[in-house]
Amino acid sequence: MNKSLAFVATTISTKFHFPPSLCRSYSSPSSLPSSNKLFVGGLSWSVDENSLKDAFSSFGDVTEVRIVYDKDSGRSRGFGFVIFSNEDDAKSAKDAMDGKALLGRPLRINFALEKARGVPVVVPRLSDIGHLNRH
DNA sequence: GTTGAGCGTT
């Protein structure tokens, strides 16, 4: 009887092709949802926003380039962001530049995590805590 | 003169 169950399972798995909507683990391999904003890591310490833009502007319109510098030391933290006006340009730039070297260091590119902009931040209120002491 | 995975100073 186990054999017949195995037969059924095999039959099902070979006969059915599940629609992509049910196979979401394959929809974005090794990354995040597509966007026009790229996280660029692995930068050489000496790369500035200009040379980074030059490296990416051939793939489309670069809306913004931002390299993250340390607040106190002022030196590059070795990563930054490149924003394209077009989402497809960002994707092709990522595919083309990921792993490629810039100024001697291989780039690590990914779609950027969305830094919560426009999302209201709810903070606890002291006036509400006061109600806890009330009967 | 330094470091080497990661997700940002207005």
Side-chain angles (χ1 to χ4, degrees):
Chain A
M1 335 180 172
N2 285 338
K3 282 190 177 176
S4 54
L5 282 180
F7 173 76
V8 170
T10 306
T11 304
I12 290 178
S13 63
T14 52
K15 290 229 180 244
F16 282 87
H17 286 178
F18 295 101
S21 58
L22 296 179
C23 305
R24 286 200 286 184
S25 51
Y26 293 98
S27 61
S28 77
S30 84
S31 198
L32 296 151
S34 183
S35 114
N36 67 323
K37 186 183 288 194
L38 299 180
F39 167 84
V40 181
L43 293 174
S44 170
W45 314 118
S46 55
V47 177
D48 63 352
E49 296 178 345
N50 245 314
S51 47
L52 191 61
K53 178 170 183 174
D54 284 346
F56 282 83
S57 54
S58 62
F59 299 96
D61 293 334
V62 176
T63 304
E64 184 181 353
V65 174
R66 185 186 238 66
I67 288 187
V68 180
Y69 295 97
D70 188 81
K71 213 180 306 185
D72 340 288
S73 69
R75 286 175 299 181
S76 168
R77 288 178 57 186
F79 68 91
F81 301 90
V82 176
I83 300 109
F84 284 85
S85 62
N86 184 317
E87 181 172 309
D88 278 337
D89 291 339
K91 182 159 50 178
S92 61
K94 168 176 134 52
D95 289 343
M97 294 297 288
D98 193 15
K100 307 240 5 175
L102 180 64
L103 267 49
R105 299 289 302 193
L107 265 37
R108 307 171 46 114
I109 306 184
N110 252 299
F111 291 109
L113 315 160
E114 200 55 42
K115 188 170 145 188
R117 286 184 310 183
V119 177
V121 178
V122 179
V123 298
R125 296 186 180 203
L126 292 178
S127 57
D128 289 337
I129 297 179
H131 294 307
L132 296 175
N133 292 330
R134 205 160 43 187
H135 268 83

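Heavy-atom basis, side chains included; hydrogens, waters and symmetry copies ignored. Predicted model, so just to flag it, every value in this text is computed and none were measured. The sequence lines fix the lettering, A, B, ..., with proteins before strands; numbering per chain opens at 1.
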Worksheet, complete the sentence: From CD1 of A:Ile67 across to P of B:dT10 the rounded distance in Å is 18 Å
Worksheet, complete the sentence: Here the distance between atom P of B:dG4 and atom CG of A:Leu102, to the nearest Å, is 20 Å
Discussion item. I need the A:Lys37 NZ to A:Thr63 OG1 distance, nearest 0.5 Å.
Written reply: 10.5 Å
Response to the item:
A:Arg77 CZ to B:dG6 C1', in whole Å, measures 8 Å
Worksheet, complete the sentence: Here the distance between atom C1' of B:dG6 and atom CZ of A:Phe79, to the nearest Å, is 6 Å
Practice prompt. Mind checking A:Gly80 for me? I need base, sugar-phosphate or nothing, with any heavy atom below 4.0 Å counting as a touch.
Written response: nothing
Fill in: Distance below 4.0 Å between A:Arg66 side-chain N/O and B:dT10 OP1 or OP2
no
Worksheet, complete the sentence: Rounded to whole Å, the CG-C1' distance (A:Leu113 to B:dG6) equals 9 Å
Worksheet entry | Whole angstrom value for the distance that separates P of B:dT3 from CG of A:Asp72 | 19 Å
Worksheet, complete the sentence: side-chain contact (heavy atoms from CB on, under 4.5 Å) test vs A:Ile83 passes for just one of A:Leu38, A:Val62, A:Val65, A:Asn36, namely A:Asn36
Practice prompt. Verify the distance criterion only: is there a donor paired with an acceptor across the side chains of A:Asp48 and A:Ser51 at less than 3.5 Å?
Written response: yes
Discussion item. Tell me if the side-chain of A:Lys71 makes a donor-acceptor pair with the base of B:dG8, cut-off 3.5 Å, by modelled atom types.
Written reply: no
Worksheet entry | Ring centroids of A:Phe81 and B:dG8 base under 5.5 Å with planes under 30° | yes
Worksheet entry | Approximate separation, where rounding is to 0.5 Å, of A:Phe59 CZ and A:Asp88 CG | 14.0 Å
Response to the item:
By nearest-heavy-atom nucleotide on DNA chain B, the more 5' of A:Arg105 and A:Val68 is A:Arg105
Item to complete: Hey, could you give me the CD1/CZ distance between A:Ile109 and A:Phe111, rounded to the nearest 0.5 Å?
Response: 9.5 Å
Practice prompt. Whole angstrom is fine here: how far is it from CD1 in A:Ile109 over to P in B:dG6?
Written response: 16 Å
Discussion item. Quick test of the criterion, 5.5 Å between centres and less than 30° between planes. Is A:Trp45 stacked on B:dG4 or not?
Written reply: yes
Fill in: Protein-nucleotide distance (A:Glu49, atom CD; B:dG8, atom C1'), rounded to Å
11 Å
Worksheet item: Any idea which of B:dG6, B:dT9, B:dT3 is nearest the A:Tyr69 side chain?
Response: B:dT9
